[in-house]
> 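One structure follows; several queries about it will come next.
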Amino acid sequence: MAALPSPLFGAEPRKRILVVDDDEPTARILGHFLRGYDVDLAGNGLEGIERAIAHRPDLILADVWMPELDGIEMVRQLHRDPTLAHVPVIFVSAAGDAQHVAAAISVGARHFLAKPIDVKKLLGLVRKALGVP
Amino acid sequence: MNASPHDAHVLRELASALGKAIAEARGGEVLRIKAARDLAGEVRDHARAAGLELLAAHASRLFALLAVPPARWGVTVDEVLAAASYEAERTKLRPSSYGLPATLLAGRILVVDPDATTRTTTSDAIRANLVEAISTGSIEEALHEGLRRHPDAMIVNADLEGIERLHAALGKPPFAILGRDGLTSHRAAAAKKGASLYVQRPIDTEELSVTVRRLLDRARTPRPKVLLVDDSPHRLVDLSRKLDGEGMTVQTLSDPTRVLEVLDEIRPDLVLVEAKMEPLDGWELCAVLRTAPEWQDLPIVFLGDSEDPESRAAAFRVGADDFVPRANDLRELTARLLGRIERTRLLRDRGDRDFLTGLLRRSAFLNGFSSLLNQARRRNRPLALAILDLDHFKQVNDRFGHLAGDRVLVAVGKLLADHLRGEDLRGRWGGEEIVIAFPESTRETAAPAVRRMLEDMAKLAIEDDGEVFHVTFSAGVASFPGDGPQPMDLFATADRRLYLAKRLGRARVLSEG
């Protein structure tokens with residue numbers, strides 16, 4: 001058990017997760033589920049990009065529908081930058097219809113998780129995306 | 001001697017089956033040997049019927065060779081088979097083969113002209129270049145056909161209304177305008193509509209051939225790639241979306257200090273940098289790039305405040321190619337970027353290729369040849385080199401003038417293009433010397449191909465001021481590994497044989513001595 005997933009032991013630097021959601025309650029809930037990780041918050045796609053540049057996250061959780069710049073456009077933008085293109089993205093959204101899933105996957109999202117959030121499933125996907133057991 | 005497309009297709013199929021049959025016959029099974037021999041006979045008869053004498057001769061030789069057991073075939077069977085396959089493949093390249101299946105054609109051009117005669121002349125000239133022509137008489141018909149068949153480029157009559165609409169509907173392919181005269185105002189109007197070339201009526205088939213090649217070159221050129229460096233995410237997002245909409249592939253970098261590490265991966269056609277950035281500003285970034293030998297020619301364009309002449313001057317001092325005011329109109333920015341990229345590409349091409357003949361220049365050929373030789377060595381395969389020298393070329397120039405000499409060179413360039421396979425590398429070595437590399441060929445298999453070229457060359461009537469003359473060449477052929485391991489061994493041997501061919505009376509190809 002050398003590399004414990006829980007960052008609480010301080011054996012490794014904590015994995016950084018950026019949560020991008022314009023709905024504050026959802027963002028707070030996600031932050032709560034992800035305690036133990038170093039979580040950063042952004043309120044829309046544009047802010048998401050700013051935070052991604054400043055914060056260099058290991059994973060991004062993003063909503064699809066947001067003002068200013070939506071989640072899909074945000075990911076497309078992140079992929080233009082070779083220093084950010086490798087960051088995995090999981091979409092968390094109520095918009096779970098086929099078209100959005102297809103758009104999300106086509107811009108390089110790892111997963112699409114429909115609301116309401118299944119916590120166990122979410123944490124499983126997060127661990128998988130971060131490459132931690 | 002021109003096989004019909006159908007015959008040519010059948011022969012290629014037969015030749016390929018023959019190759020397989022011979023491979024299978026190597027085991028020594030009598031039935032398989034007989035099958036291979038029968039196929040050789042079939043190729044011979046078909047080729048003869050189609051008027052392909054050389055292929056018939058190779059097949060006939062194979063028919064005879066296959067009468068003995070595989071143990072005694074030696075390398076001869078391989079070489080004759082290679083020569084036969086080469087001849088069979090070459091049937092693809094005959095310019096007379098109208099109506100070839102689309103997969104064999106170099107591209108597809110949409111012709112729009114209400115005048116039936118011009119339309120037919122244009123379409124025929126396009127097809128003579130082994131390019132498919134979609135002939136239409138109106139914008140409506142062109143829209144209908146174009147949306148269905150996705151042309152790579154278009155040639156459109158200048159007088160038609162709605163060219164822009166057609167252009168946009170088909171995804172903005174490169175196009176040429178066919179105009180009545182060469183007036184600058186008409187050319188300008190065409191350029192304004194987005195045409196990249198202007199062709200004058202009546203149609204000159206030579207000029208149209210060049211136009212066809214240019215259009216397809218342009219269609220094959222990938223979207224220009226721009227690296228946008230800016231530490232402001234807002235500006236990055238805004239500008240990258242805009243440029244994307246103008247047909248560029250945009251990559252971004254928000255951390256200017258990482259520019260060198262990402263450049264290698266991205267290899268952009270141009271870098272667009274914001275002048276004011278942290279912690280490395282545009283001027284510093286530009287200076288850094290210009291210290292790296294591999295990025296000396298990379299176009300760098302600044303985005304900054306136009307009011308400050310000193311900051312502009314400073315940009316040019318550190319090696320910027322252009323400085324565009326930040327508040328500039330998107331159309332102007334796009335035009336400046338695309339113009340810069342296009343001219344850089346043209347310069348690169350002009351450096352590598354000889355304009356008259358379309359052949360590679362000496363250094364570009366040498367580079368290509370060295371890598372082919374390395375490849376041959378790695379895979380343990382042969383590689384042949386031929387050096388051709390035009391006979392009495394000096395006299396042609398003296399007697400008919402340099403223009404006639406140029407005409408001869410253009411004709412030779414086309415002859416080579418018609419005769420050689422795509423993978424054969426060809427270059428112009430000196431004034432009247434031409435070099436050709438034949439991958440997967442020995443001097444025994446390459447020499448007949450060069451001889452065939454000589455036969456066609458001698459038949460070619462070149463006209464100048466009413467006088468008709470003919471030109472021949474002499475050639476020397478050498479190959480790896482037989483004639484040496486290094487490029488220079490092959491060049492020296494081929495050159496010696498070329499000299500010998502000249503001494504023996506010219507107009508001949510030597511692969512020995």
Side-chain angles (χ1 to χ4, degrees), chain A residues 13 16-22 27 38-89 91 100 103-109, chain B residues 222-274 276-281 285 288-289 292 294-295 298 301 303 334 337:
Chain A
R16 283 183 289 218
I17 300 178
L18 172 62
V19 175
V20 190
D21 203 318
D22 60 323
D38 178 358
V39 177
D40 195 18
L41 299 176
N44 63 51
L46 207 52
E47 221 183 289
I49 288 168
E50 281 180 50
R51 296 305 307 152
I53 287 168
H55 195 73
R56 299 274 148 192
D58 299 297
L59 172 70
I60 298 174
L61 292 184
D63 189 11
V64 176
W65 293 110
M66 290 181 292
E68 295 261 359
L69 196 69
D70 69 39
I72 290 176
E73 193 56 40
M74 179 190 80
V75 172
R76 192 170 284 141
Q77 199 64 40
L78 289 172
H79 275 258
R80 291 186 200 279
D81 188 329
T83 65
L84 293 170
H86 62 277
V87 182
V89 178
F91 276 115
H100 288 110
I105 299 298
S106 78
V107 296
Chain B
R223 275 164 73 105
K225 202 194 278 181
V226 172
L227 173 64
L228 184 56
V229 189
D230 194 331
D231 64 347
S232 150
H234 281 80
R235 285 194 304 245
L236 271 185
V237 170
D238 181 48
L239 197 53
S240 60
R241 291 168 88 182
K242 282 180 183 157
L243 295 179
D244 193 277
E246 295 295 321
M248 290 171 237
T249 295
V250 187
Q251 300 235 249
T252 61
L253 184 68
S254 53
D255 180 355
T257 61
R258 298 183 67 175
V259 69
L260 281 176
E261 60 185 283
V262 302
L263 264 185
D264 232 11
E265 179 188 331
I266 298 177
R267 305 219 150 253
D269 294 303
L270 180 142
V271 179
L272 183 59
V273 285
E274 163 60 38
K276 289 185 179 138
M277 293 186 294
E278 291 289 337
L280 198 69
D281 64 28
L285 179 126
V288 166
L289 286 185
E294 65 267 48
W295 306 120
L298 177 68
V301 175
L303 270 176
T334 306
L337 298 182

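Below, read A as the first sequence line, B as the second, and so on, with proteins coming before strands; counting in each chain starts at 1.
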> Below 4.5 Å from any heavy atom of chain B, which atoms of A:Glu47 appear? Answer side chain, backbone, both or neither.
neither
> Ignoring hydrogens and geometry beyond distance, is a side-chain donor-acceptor pair present between A:Glu50 and B:His234 at under 3.5 Å?
yes
> Sequence neighbours left out, what passes side-chain hydrogen bond (donor to acceptor under 3.5 Å, both in side chains) with B:Thr334? Give chain and number order.
none
> Using a strict cut-off of less than 4.0 Å between a Lys/Arg side-chain nitrogen and an Asp/Glu carboxylate oxygen, indicate whether A:Arg76 and B:Asp244 qualify as a salt bridge.
no
> Of all of A:Leu84, A:Thr83, A:Ile49, which one pairs up most often with chain B through heavy atoms under 4.5 Å apart?
A:Thr83
> When heavy-atom pairs shorter than 4.5 Å are enumerated against chain A, which of B:Val250, B:Val262, B:Leu236 gives the highest number?
B:Val250
> Output, in order, the C-alpha distance, side-chain angles, deciding distance and verdict of side-chain contact (heavy atoms from CB on, under 4.5 Å) for B:Val237 and A:Arg80.
CA-CA 10 Å; B:Val237 170; A:Arg80 291 186 200 279; over 6 Å; no
> Compute whether any side-chain donor of one residue and acceptor of the other, for A:Gln77 and B:Thr252, lie under 3.5 angstrom apart.
no
> Check whether A:Leu78 gets within reach of chain B through its side chain, its backbone, both or neither, counting any heavy atom under 4.5 Å.
neither
> For residues A:Asp81 and B:Leu253, determine if any side-chain heavy atom of one lies less than 4.5 Å from a side-chain heavy atom of the other.
yes
> Against chain B, label A:Arg56 side chain, backbone, both or neither, depending on which of its atoms sit under 4.5 Å from a heavy atom there.
side chain
